[in-house]
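Step one of this worksheet: look at the structure below.
Remember, predicted model here, so these are calculated numbers, not experimental data. All heavy atoms count here, side chains included; hydrogens, waters and symmetry mates do not. Numbered from 1 within each chain, the chains take letters A, B, ... in sequence-line order.
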There are 2 protein chains.
Amino acid sequence: MKQEIKKNTPLELNPNVSVDCVIFGFDFDKLNVLVIDRADGTSVPCALPGNLIYNNEHLDQAAIRVLEELTGLKNIYLEQIGAFGDPNRISKASDQSWLQKVRAQPEARVITVAYFSLVKMEDYVPQASSFAKSAAWIPLNNIHELAFDHMEILAAAKRQLKQMINIRPIGFNLLPEKFTLGQLHKLYEAILDKPMDKRNFRRKIQKLNLVKSLEEKQLGVPHKPSQLFMFDENNYQKLMQTGFNNFGF
Amino acid sequence: MKQEIKKNTPLELNPNVSVDCVIFGFDFDKLNVLVIDRADGTSVPCALPGNLIYNNEHLDQAAIRVLEELTGLKNIYLEQIGAFGDPNRISKASDQSWLQKVRAQPEARVITVAYFSLVKMEDYVPQASSFAKSAAWIPLNNIHELAFDHMEILAAAKRQLKQMINIRPIGFNLLPEKFTLGQLHKLYEAILDKPMDKRNFRRKIQKLNLVKSLEEKQLGVPHKPSQLFMFDENNYQKLMQTGFNNFGF
DNA sequence: ATTTGAAAGTGTTAATTTGACACAAAGCAC
DNA sequence: GTGCTTTGTGTCAAATTAACACTTTCAAAT
């Protein structure tokens with residue numbers, strides 16, 4: 001485990017620190033997560049997009065870079081979840097043999113720093129990159145096995161998302177620019193994982209003044225078309241400046 | 001820092017990952033933080049207790065160990081704040097020259113994982129260890145300079161403490177077993193950094209059933225003696241089991 | 001043309017919670 | 001006993017929450 005650490009060398013991977021990203025998307029019905037397939041013929045569980053950092057790179061920057069390299073997603077705002085540092089977090093046989101192939105020092109002890117983000121699924125149609133075989137959206141509730149300790153990371157991401165949405169109305173990142181209150185309602189139910197009364201939800205969300213109604217309705221839906229709404233960035237900024245911090249339900 | 005605990009793998013420091021601890025205490029008036037003095041004759045700013053991790057050690061465990069080595073505090077429950085990974089987080093000249101003395105590879109890039117905890121000040125009377133010159137309680141509001149990026153870490157710890165107390169009644173960790181409602185009240189004001197109405201505070205805290213009144217009063221105070229209270233662990237557990245999650249003010 | 005299915009949209013009421021506010025009681029020190 | 005300091009207590013108006021059901025509008029199927 002000897003290392004030649006040269007700080008000024010530009011692109012040198014740090015063998016001890018990686019980043020992993022939990023990217024949530026919403027398909028108007030349930031939450032999905034972006035995972036990459038490490039398949040190599042044998043069946044090996046999927047993983048969260050992640051990789052080692054460079055030595056001269058900010059952690060946050062590394063997460064952005066790695067995410068782009070593995071999925072093509074650019075300029076995503078990532079929020080840190082935390083560090084995962086069990087010395088045995090890479091102990092499954094399938095993980096170790098996979099690492100043999102892709103890493104210079106597969107035996108090094110790696111701690112990982114996890115990030116999460118919320119993206120509009122419409123903005124991203126998965127497409128393979130050079131490194132991973134493919135990235136794909138998988139419904140959160142169908143994910144039962146992942147590489148390394150990624151199930152743990154995913155659980156932490158869910159917890160944090162649930163908590164965060166009561167503090168900042170981050171949910172809007174998961175919806176297209178124009179959305180209906182019904183979609184927003186379903187999103188909150190998906191994140192908080194509990195049913196919520198429709199009328200009470202609407203009343204509350206409208207009183208916050210975070211959405212502005214457009215002069216436009218849904219088209220082509222086989223039922224009464226909904227009014228369309230947009231997130232009101234201006235009012236959000238104003239609210240935050242007054243120290244407001246409870247968007248909770 | 002002299003331990004002969006050898007497992008199969010020899011104890012080897014990981015040059016790239018450290019842990020730092022923010023330990024809060026409450027002196028019935030304001031919050032304090034435990035810092036270690038790195039003084040070496042020249043004047044060098046204090047630091048949070050922290051050090052490199054061992055390669056075969058869980059991050060959480062490393063934080064517990066380092067805290068004990070540097071301050072003597074044992075068996076403290078530490079909660080993770082997050083990872084700090086600016087590649088230039090160790091750029092001040094005073095920090096670098098200090099590292100020359102205490103580290104084998106002072107030029108390595110180090111990311112740090114920060115933890116925080118709340119302790120009863122009565123439980124801990126600072127006493128020097130072999131490594132640091134001394135550890136001391138410093139009023140939070142008097143801390144204006146720290147080594148490395150420790151001011152940033154401290155700010156994050158404050159934010160997290162403020163947030164956390166609305167989700168779990170962690171404040172009780174900062175008080176002695178028996179305390180008065182006045183003390184608890186002051187604690188909340190210190191953490192949330194805002195004045196709170198006395199009667200409303202008492203009403204709310206009592207309705208939560210988290211404190212049970214003892215048949216005992218303060219002695220020797222030069223004013224009307226207060227009823228003493230204890231944290232009601234039982235009711236807390238019950239509340240948590242029903243999924244309760246709002247202890248907020 | 002009519003029916004059907006599916007989601008949108010809408011208001012009231014009772015219960016609970018919040019915020020604002022002021023004064024008497026109890027102990028110690030002098 | 002006077003003065004100082006902190007404890008301890010209740011009410012009311014305003015705001016917020018939770019519970020609850022039916023009509024409207026469209027497309028698709030018949």
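Among the protein residues, A/Q218 comes within range of no part of the nucleic acid, since none of its heavy atoms lies under 4.0 Å from any strand.
Between A/M151 and A/I143 the shortest heavy-atom distance is CE-O, 3.4 Å.
Remark: P of D/dT6 and CD of B/Q183 are 12 Å apart, rounded to the nearest angstrom. Here D/dA18 presents its P atom at 11 Å from CG of B/N246, a figure rounded to the nearest Å. Atom C1' of nucleotide C/dA8 and atom CZ of A/F179 are separated by 16 Å, given to the nearest angstrom. Rounded to whole Å, atom P of C/dA8 lies 10 Å from atom NZ of A/K224. As a whole-Å value, the separation of A/I205 CD1 from D/dT17 P is 12 Å. We find that NE2 of B/H185 is positioned 15 Å from C1' of D/dT9, with the value rounded to whole Å.
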Might you list the N or O atoms of the protein lying below 3.5 Å from N or O atoms in nucleotides 12-16 of chain D, with each pair's distance?
none

Enumerate the protein-to-nucleotides 2-4 of chain C contacts in which both atoms are nitrogen or oxygen and the separation is below 3.5 Å.
none

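A perpendicular orientation is assigned to the rings of B/F24 and B/F116, their planes being inclined by more than 60° (bins at 30° and 60°).
By the 6.0 Å and 45° rule, A/R168 does not stack over the aromatic ring of A/Y77.
OP1 or OP2 of C/dG9 has at least one side-chain nitrogen or oxygen of A/S226 nearer than 4.0 Å.
Applying a 4.0 Å cut-off to non-hydrogen atoms, the residues of residues 192-202 of chain B that approach DNA chain D are B/K198, B/R199, B/R202, listed by residue number.
Side-chain N or O atoms of B/K120 include one that pairs as donor or acceptor with a backbone N or O of B/L175 at under 3.5 Å.
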